Amino acid sequence: MGKDECKTMLDALNKVTACYRHLVIALGSTSDSQNLREELKKTRKKAQELAVANRTKLTSLLKDKNISKDDRAEYERLWVLFTSSVELLEVDMKRSLEIGQDFPLKVPTRHLIQTGMTGSTTTVAARAMSVQNMKYEADANIDTVDLKELETEIAQVDQMMEEMEMKVQVAPWAVEAKQEAGAELKSTVSVGNSSVGVISICEEEPKETVEGETGLMKVFAGVIFTAVLLIAGILGYLVINL
Amino acid sequence: MTINTLSQDGVQRQQMPCLTKMERMIISMQDPDMGIKLRNQRLLITVIPHAMTGLDIVEWLIKKCSISDEEALHVGQLFVKYGYIYPLKEPRNLILKADDSSYRFQTPYYWMSTRWPASELDYAIYLAKKNIRKQGELIEYEKECYNALHKRINHTWDFVVMQAREQLRASKQRRKGDRIVLECQEQAYWLVNRPPVSPEHYKLTTLTKNTIKLYDFETIFSQRFYVKYCEQYQPHDPIMQGCLPSNPWITDDIMFWNMNSETVALPTKLRVERWSFSFMELLNDQMGRKEFLTYLEKEFSAENLCFWQACEDVRHGETAKIPEKVDEVYKQFLAPGASRWVNIDSKTMEKTLEGLKRPHRFVLDDAQMHIYFLMKKDSYPRYLKSELYKNLLARAIVPQETKKSVFPFMRRQRHSSPSPALATQTAEDDGKAKYSNSNSGTASRL
């Protein structure tokens with residue numbers, strides 16, 4: 001069905017947009033590197049392909065005059081999702097152009113901002129490209145060459161958005177969201193639990209001690225457990241031998 | 001839904017210059033040799049590098065810019081306030097303390113910038129992420145913002161939820177240390193861009209401290225100009241400062257107008273002072289213009305002012321007389337070898353002479369502007385420093401305030417002038433009476 005296909009494509013675009021934003025946040029900081037620039041380039045291209053594919057599909061669906069009112073409302077909702085995604089993507093592309101220009105890599109002394117992030121972003125990029133491992137094959141001056149391509153791509157995206165605005169007559173304010181406030185809490189995927197403890201560290205001080213206590217307790221429990229095992233082993237040995 | 005078109009002809013606002021300077025300074029702090037000394041932040045199991053103490057920052061600023069303690073602290077505060085550096089222990093308290101409390105640099109994506117203002121969609125996504133992480137336990141003002149945003153951008157709420165989930169999944173791919181840094185960074189960014197609203201002084205303090213408004217350079221500039229203008233003109237305002245000798249509208253005494261008329265022998269001190277505020281003030285006052293003309297005659301550049309006056313006449317005068325006036329001006333001031341030739345640069349002269357072939361109201365504008373600025377830059381400041389002006393200022397009179405009579409019953413009572421409505425009614429009544437007297441036959445006419 002057209003709707004399901006659309007939804008999966010939109011989900012893919014959403015995922016790539018989120019990953020792209022994540023990568024742009026790392027730009028200019030100590031996580032920045034040749035690899036990051038290449039990852040940005042690849043993610044960007046993938047995002048654009050997905051955007052174009054989504055657009056063709058959605059415009060063809062919306063142009064069809066023989067769809068029911070409910071279907072039309074649904075397609076308009078998907079259209080609003082699509083345009084918001086492309087807007088975010090466009091803003092991130094422009095920002096990455098700016099930051100990329102301000103922080104070149106091929107200079108004798110790099111002045112990257114020391115933000116405390118030192119890990120690599122390979123896994124994020126791999127998630128965006130839906131591959132297991134990323135392969136890096138770009139040449140050394142990717143940071144300057146890529147920026148020119150980026151400018152043309154930004155112009156293309158701008159143009160695409162203008163065309164979309166002109167050709168497709170969807171009133172965004174008329175669209176009603178399906179999710180109510182707080183819908184994200186009912187998520188089936190547990191994104192919450194593992195990060196809750198982590199966040200309390202940078203929030204308030206008292207919570208730090210709580211986290212500390214649970215950590216210490218874990219260590220304590222481990223120590224006691226191994227001690228008990230040892231004692232049991234020794235006793236058993238003695239029993240057998242005596 | 002907003003469409004951001006990258007318009008080449010500059011609809012996007014310019015970055016404030018102070019922000020560019022701050023960014024350059026932050027970059028110089030990263031220098032491996034001359035930059036700030038960084039330490040590691042220990043969080044139980046994880047160690048995150050690149051933390052610095054407030055004292056480090058202040059000392060580095062003192063050394064780098066050769067400034068005093070206080071000034072370095074103030075500059076450091078600006079860095080924290082505008083979000084380039086954020087505190088680690090008390091994230092909500094955006095101040096710099098010159099002790100061992102730790103701080104960290106903010107990533108360039110989150111740098112304060114007028115080109116990329118923080119959008120509502122981004123804030124909604126951030127709040128949704130926080131909602132998921134905290135299992136619904138948002139702080140009070142965040143809850144309010146969340147609900148308000150849900151109403152305002154309801155049409156993209158599905159996108160907000162989808163994007164929030166995906167962003168959290170993406171950040172799960174990073175190491176723990178990086179994840180902590182990411183969350184702290186984002187939190188710091190939003191604390192700067194959407195500061196919590198204190199319920200007590202809602203409108204007053206928060207709107208004046210609203211960071212987004214402060215970045216509008218034009219507003220700051222015009223505010224300062226306005227303050228300066230008000231300060232300068234306050235002594236001259238009859239309502240604010242009172243009117244010497246007395247306010248004619250209150251005491252029915254028209255001395256004030258008499259003393260400030262155009263043909264008085266000695267002007268009042270306030271009037272002469274006002275001529276020094278701006279060139280336009282001097283020119284707008286007839287007496288000022290006359291005095292300035294006398295001064296220019298001494299300097300042999302009186303033709304400038306005459307030319308300017310003639311141009312004003314053309315601009316504001318009758319349309320039918322324009323061609324002959326323009327002709328007069330040309331003969332007197334612009335023709336080569338004219339009796340009162342004015343000194344205009346060749347380009348403007350060429351343009352004006354071209355335009356004279358088809359004279360219209362504004363054909364002399366360029367030349368007039370040139371002469372106006374010439375006078376303003378050159379003759380006017382010299383006039384203000386001249387003996388003529390200073391003498392006049394010394395001789396100018398300060399009128400005495402009319403003494404209020406001691407005995408209340410001796411004071412002149414204020415009579416408001418009779419209302420015009422009453423006047424016409426009495427006239428009508430008189431008219432009617434006369435008419436009815438003369439035409440006793442016709443009773444009802446209305």
Side-chain angles (χ1 to χ4, degrees), chain A residues 14-15 17-19 21-22 24-25 27-30 77 80-81 83-85 87 90-91 94-95 99 102-103 111-119 123-124 127 154 158 161-162 165 172-173 175-179 181-185 187 189 191-192 195-196 198-199 201-202 205 211-212 215, chain B residues 1-6 26-27 30-31 38 43-45 48-51 88-89 91 104-109 116 121 128 131-133 135-136 146-147 150 154-159 161-185 187:
Chain A
N14 190 37
K15 183 174 79 167
T17 313
C19 293
R21 168 161 281 201
H22 194 96
V24 179
I25 289 178
L27 200 56
S29 68
T30 34
R77 190 184 74 91
V80 169
L81 291 179
T83 42
S84 317
S85 208
E87 264 178 43
E90 195 206 344
V91 168
K94 286 183 189 164
R95 274 169 124 149
I99 304 176
D102 286 337
F103 292 94
H111 286 246
L112 299 173
I113 307 293
Q114 290 159 72
T115 52
M117 292 221 283
T118 44
T123 36
V124 179
R127 186 187 163 80
I154 292 176
D158 274 338
M161 285 182 80
E162 269 189 62
E165 177 99 316
W173 49 87
V175 170
E176 267 186 49
K178 273 192 176 161
Q179 320 259 22
E184 59 268 12
L185 294 170
S187 151
V189 181
V191 236
S195 326
V196 165
V198 167
I199 303 320
I201 289 169
C202 50
E205 291 164 58
E211 163 76 352
Chain B
M1 180 160 119
T2 52
I3 292 280
N4 297 325
T5 44
L6 185 71
I26 293 276
I27 292 178
Q30 312 300 321
D31 194 297
L38 297 170
L43 285 174
L44 304 150
I45 329 160
I48 308 178
H50 308 153
L88 296 173
K89 280 278 153 58
R104 192 174 273 140
F105 291 113
Q106 179 69 281
T107 184
Y109 184 84
W116 311 114
L121 189 61
N131 210 12
I132 296 176
R133 282 204 315 253
Q135 311 278 312
Y146 181 84
N147 293 330
H150 177 72
N154 187 273
H155 56 280
T156 53
W157 201 255
D158 291 342
F159 176 69
V161 171
M162 271 168 66
Q163 185 66 207
R165 288 189 184 141
E166 273 305 326
Q167 284 188 13
L168 279 175
R169 283 181 202 139
S171 65
K172 276 189 82 175
Q173 306 290 323
R174 305 288 300 266
R175 290 199 334 220
K176 186 158 178 190
D178 288 349
R179 247 187 291 153
I180 297 177
V181 171
L182 278 170
E183 274 137 10
C184 289
Q185 275 176 359
Q187 184 191 37

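Source: prediction; values computed, not measured.
- Between A:T118 and B:H50, some side-chain heavy-atom pair lies under the 4.5 Å cut-off.
- With contacts defined as side-chain heavy-atom distances shorter than 4.5 Å, the pair B:Q167/A:H22 does not qualify.
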As a quick check of understanding, evaluate side chain to side chain contact (heavy atoms under 4.5 Å, CB included) for A:T83 and B:F159, giving each step before the final call.
CA-CA 10 Å; A:T83 42; B:F159 176 69; over 6 Å; no
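- Heavy-atom pairs under 4.5 Å with chain A were tallied for B:D31, B:V161, B:N131; the largest tally goes to B:N131.
- Between B:E166 and A:R127 a salt bridge is recorded (basic side-chain N to carboxylate O distance below 4.0 Å).
- Proximity to chain A involves both the backbone and the side chain of B:I27, based on heavy atoms less than 4.5 angstrom apart.
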Assess the residue pair B:L182 and A:M117 against the criterion (side chain to side chain contact (heavy atoms under 4.5 Å, CB included)); give the C-alpha distance rounded to whole Å, side-chain angles, the decisive distance to 0.1 Å, and a yes or no.
CA-CA 8 Å; B:L182 278 170; A:M117 292 221 283; 3.8 Å; yes
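- The side-chain hydrogen bond (donor to acceptor under 3.5 Å, both in side chains) search around A:R77 returns A:E74, B:D158, not counting sequence neighbours.
- Only the side chain of B:Q185 comes within contact range of chain A, judged by heavy atoms closer than 4.5 Å.
- Counting heavy atoms from C-beta outward, B:Q106 and A:T115 have side chains that stay 4.5 Å or more apart.
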For side chain to side chain contact (heavy atoms under 4.5 Å, CB included), just list the numbers for B:T107 and A:I113, CA-CA rounded to whole Å, side-chain angles, deciding distance to a tenth of an Å, and then say yes or no.
CA-CA 7 Å; B:T107 184; A:I113 307 293; over 6 Å; no
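- The contact between A:L27 and chain B is made entirely by backbone atoms, counting heavy-atom distances below 4.5 Å.
- Contacts of A:T17 classified as side-chain hydrogen bond (donor to acceptor under 3.5 Å, both in side chains), with partners at least two apart in sequence or in another chain: A:S85.
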